[in-house]
Asks: 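Got a structure here, written out as structure tokens. Questions coming.
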Amino acid sequence: MSTEVLRAQEEWEAVDNIQPETGNQASSDQSVQLISFSEALQHFQTVDLSSFKKRIQPTIRRTGLAALRHCLFGPPKLHRGLREERDLVLTIAQCGLDSQDPVHGRVLQTIYKKLTGSKFDCALYGDHWEDLGFQGANPATDLRGAGFLALLHLLYLVMDSKTLLMAQEIFRLSRHHIQQFPFCLMSVNITRIAIQALREECLSRECNRQQKVIPVVNSFYAATFLHLAHIWRTQQKTISDSGFVLKDVEVLAKKSPRRLLKTLESYLAGVSKGQASLLGAQKCYGPQAPHSKDLTFIGVCDLPPQSSEGTWLI
């Protein structure tokens, strides 16, 4: 066999060993394994979070008439046996994204693969995160006010088959040529609302009823995101409306969490029956809105933690 033929055969056999480009990540023989929500949560349940737990303020501090009104007419207090679970949720919200932690990396990779349908790993930094709706090449910079809990909520959304369909549907809406919005950044803001609702004891009645905290907070997050998406589509909102929409959604979510949870239950039941699009067909009326890159997204992530009522546009 000639030298040229041998060289060609060696090059052809080497094709199977070529790895996809992963930016600043080192290539590996196997792609990063997807991680479930329960596995990621277990990681936080087993590592030392004492330094982060010191920062939390489990409930809103009220004084004077506000404290009396809350005591007489406010929601019930969270059962004592559930307070440790509540504190874990709030502690995770104090944790940032650690690029050196393999579990953190797997969470990011799972979110990326589930939303995009990609089978290949992606770099932990790069423009591809902007395509998912982060503001820049590093997702960590968008987590202020929600911490790693924001990524756990996205993971929860994409790792259940029924809520994955919801996530993909909202993701498609976020890429609409007129009604587009930054999907992941909006999700972080929804997590921020869930944190405040938990601290203001708006979820205590439901947590006490279910004798759980984390599943209630997860469902509340998903229900609030679904409600926002429904308003966004049906009322033809654009990114310039983001602050006003989030404000209205927060007020309703805190006032009537059970109503939103019932809506989510109906949505998921519809998904189980094979209803492809419960947000409905996307239609836009009136003149086209400016492209979102020329507008500023207004959210709730820069609000001070003690802000529980009143205005919070930034």
Asks: Has His153 got a side-chain atom pairing as donor or acceptor with Thr191's backbone, closer than 3.5 angstrom?
Replies: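 Judged by distance alone, no pair lies under 3.5 Å.
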Asks: For the residue pair Gln196 / Arg192, report whether a side-chain donor-acceptor contact shorter than 3.5 Å exists.
Replies: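 Looking only at side-chain atoms, Gln196 and Arg192 do form a donor-acceptor pair, the distance falling under 3.5 Å.
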Asks: Above 12 or not: heavy atoms from other molecules or residues under 6.0 Å from NZ of Lys212?
Replies: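 Count not over threshold, so no.
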Asks: Can you check whether Leu198 reaches Val213 side chain to side chain, under 4.5 Å on heavy atoms?
Replies: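 Sidechains of Val213 and Leu198: in contact.
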Asks: Do the side chains of Leu260 and Val249 join up, straight or via other hydrophobic residues, at under 4.5 Å, putting them in one cluster?
Replies: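 Cluster IDs for Leu260 and Val249 differ.
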Asks: Does the side-chain contact (heavy atoms from CB on, under 4.5 Å) test come out yes or no for Lys114 and Met159, once each step is laid out?
Replies: CA-CA 8 Å; Lys114 284 291 187 175; Met159 284 305 286; 3.7 Å; yes
Asks: Is it true that a side-chain atom of Asn189 and a backbone atom of Leu185 form a donor plus acceptor pair closer than 3.5 Å?
Replies: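 Yes, Asn189 side chain to Leu185 backbone: donor-acceptor pair under 3.5 Å.
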Asks: Could you tell me which non-hydrogen atom of Val158 sits nearest to which non-hydrogen atom of Ile111, and how far apart they are?
Replies: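 Looks like CG2-CA, 4.4 Å.
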Asks: Can any side-chain N or O of His79 pair as donor or acceptor with the backbone N or O of Gly81 at less than 3.5 Å?
Replies: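 No, His79 side chain to Gly81 backbone: no donor-acceptor pair under 3.5 Å.
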Asks: So do the side chains of Leu154 and Tyr221 get within less than 4.5 Å of each other, counting heavy atoms only?
Replies: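 Side-chain contact under 4.5 Å: yes.
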Asks: Using side-chain heavy atoms (C-beta onward) and a distance below 4.5 Å, is Leu165 in contact with Glu169?
Replies: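 A side-chain contact under 4.5 Å is absent here.
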Asks: Among side-chain atoms of His230 and Gln235, is any donor-acceptor pair under 3.5 angstrom?
Replies: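 Side chains of His230 and Gln235: no pair found under 3.5 Å.
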Asks: Could you tell me whether Asp131 and Arg175 make a salt bridge, using a distance below 4.0 angstrom between a side-chain N and a carboxylate O?
Replies: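 Salt bridge: no.
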Asks: Determine whether Leu34 and Phe44 fall in the same hydrophobic cluster, where Ile, Leu, Val, Met, Phe, Trp and Tyr are linked whenever their side-chain heavy atoms lie under 4.5 Å apart.
Replies: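 No.
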Asks: Could you tell me whether the side chain of Asn138 and the main chain of Tyr125 form a donor-acceptor pair under 3.5 Å?
Replies: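 No: the side chain of Asn138 does not pair with the backbone of Tyr125.
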Asks: Does some side-chain heavy atom of Tyr112 sit less than 4.5 Å from a side-chain heavy atom of Asp121?
Replies: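 The answer is no, as the side chains (C-beta and beyond) never meet within the 4.5 Å cut-off.
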Asks: Report yes or no: does Ser219 contribute a side-chain atom to a donor-acceptor pair with the main-chain N or O of Val216 at less than 3.5 Å?
Replies: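 Side chain of Ser219 to backbone of Val216, a donor-acceptor pair under 3.5 Å: no, none is there.
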Asks: Within the distance-only criterion (no hydrogens, no angle test), does the side chain of His43 pair as donor or acceptor with the backbone N or O of Val103 below 3.5 angstrom?
Replies: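 Answer holds: no.
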Asks: In Å and rounded to the nearest 0.5 Å, what is the CG to CD1 distance from Leu246 to Ile193?
Replies: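 So the gap between those two atoms works out to 5.5 Å.
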Asks: Has the side chain of Thr224 got a donor or acceptor atom that lies under 3.5 Å from a matching backbone atom of Ile190?
Replies: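 Not confirmed, Thr224 side chain does not pair with Ile190 backbone.
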Asks: Does the side chain of Cys122 reach to within under 4.5 Å of the side chain of Trp129, using non-hydrogen atoms?
Replies: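 Of all side-chain heavy-atom pairs linking Trp129 with Cys122, at least one is under 4.5 Å.
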Asks: Would you say Phe37 and Ile214 make side-chain contact, with heavy atoms under 4.5 Å?
Replies: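 They are in contact (side-chain heavy atoms under 4.5 Å apart), so the answer is yes.
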Asks: Taking only Lys NZ, Arg NE, NH1 and NH2, and the carboxylate oxygens of Asp or Glu, determine whether Arg258 and Glu206 approach each other closer than 4.0 Å.
Replies: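 A salt bridge is present here (some side-chain N lies under 4.0 Å from a carboxylate O).
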Asks: Is the shortest heavy-atom distance from the side chain of Pro58 to the side chain of Arg199 under 4.5 Å?
Replies: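 SC-SC contact between Pro58 and Arg199 ruled out.
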Asks: Would Phe134 and Phe183 count as a close aromatic pair, with their ring centres under 6.0 Å?
Replies: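 Not close enough - the centres of the two rings lie 6.0 Å or further apart.
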Asks: Report yes or no: does Ser256 contribute a side-chain atom to a donor-acceptor pair with the main-chain N or O of Arg259 at less than 3.5 Å?
Replies: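 It does not hold such a pair.
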Asks: Could you give the distance from CZ (Arg106) to OG (Ser36), rounded to the nearest 0.5 Å?
Replies: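 Arg106 atom CZ to Ser36 atom OG measures 8.0 Å (nearest 0.5 Å).
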Asks: Over all heavy atoms of both residues, which pair between Leu49 and Leu88 is shortest? Give the atoms and the distance, please.
Replies: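 Taking every non-hydrogen atom into account, CD1-CD1, 4.0 Å.
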Asks: Among the clusters formed by ILVMFWY side chains lying less than 4.5 Å apart, do Leu252 and Ile231 turn up in the same one?
Replies: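 No: no chain of side-chain contacts under 4.5 Å links Leu252 to Ile231.
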Asks: Phe181 and ring pair (Phe, Tyr, Trp, His ring centres under 6.0 Å): which single residue from Phe225, Trp232, Phe171 fits?
Replies: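 Of all the options given, the one that passes is Trp232.
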Asks: Looking at Cys202, is its backbone amide N or carbonyl O close enough to the side chain of Glu200 to form a donor-acceptor pair, meaning the two atoms are under 3.5 Å apart?
Replies: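 Not at all, since once roles are kept as given, no pair shorter than 3.5 Å links the two residues.
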Asks: Any heavy-atom pair between the side chains of Arg55 and Thr91 that's under 4.5 Å?
Replies: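 Not in contact.
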Asks: Does Lys77 offer a backbone N or O that forms a donor-acceptor pair with the side chain of Asn208 under 3.5 Å?
Replies: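 Pair found, side chain donor or acceptor close to backbone of Lys77.
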Asks: Please determine whether the number of non-hydrogen atoms from other residues, nucleotides or ligands lying under 6.0 Å from atom CD of Gln42 exceeds 12.
Replies: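 Atom CD in Gln42 is not crowded, with 12 or fewer foreign heavy atoms closer than 6.0 Å.
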Asks: State, without any angle test, whether Ser240 and Thr238 hold a side-chain donor-acceptor pair at a distance under 3.5 Å.
Replies: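 Present: a donor and an acceptor within the cut-off.
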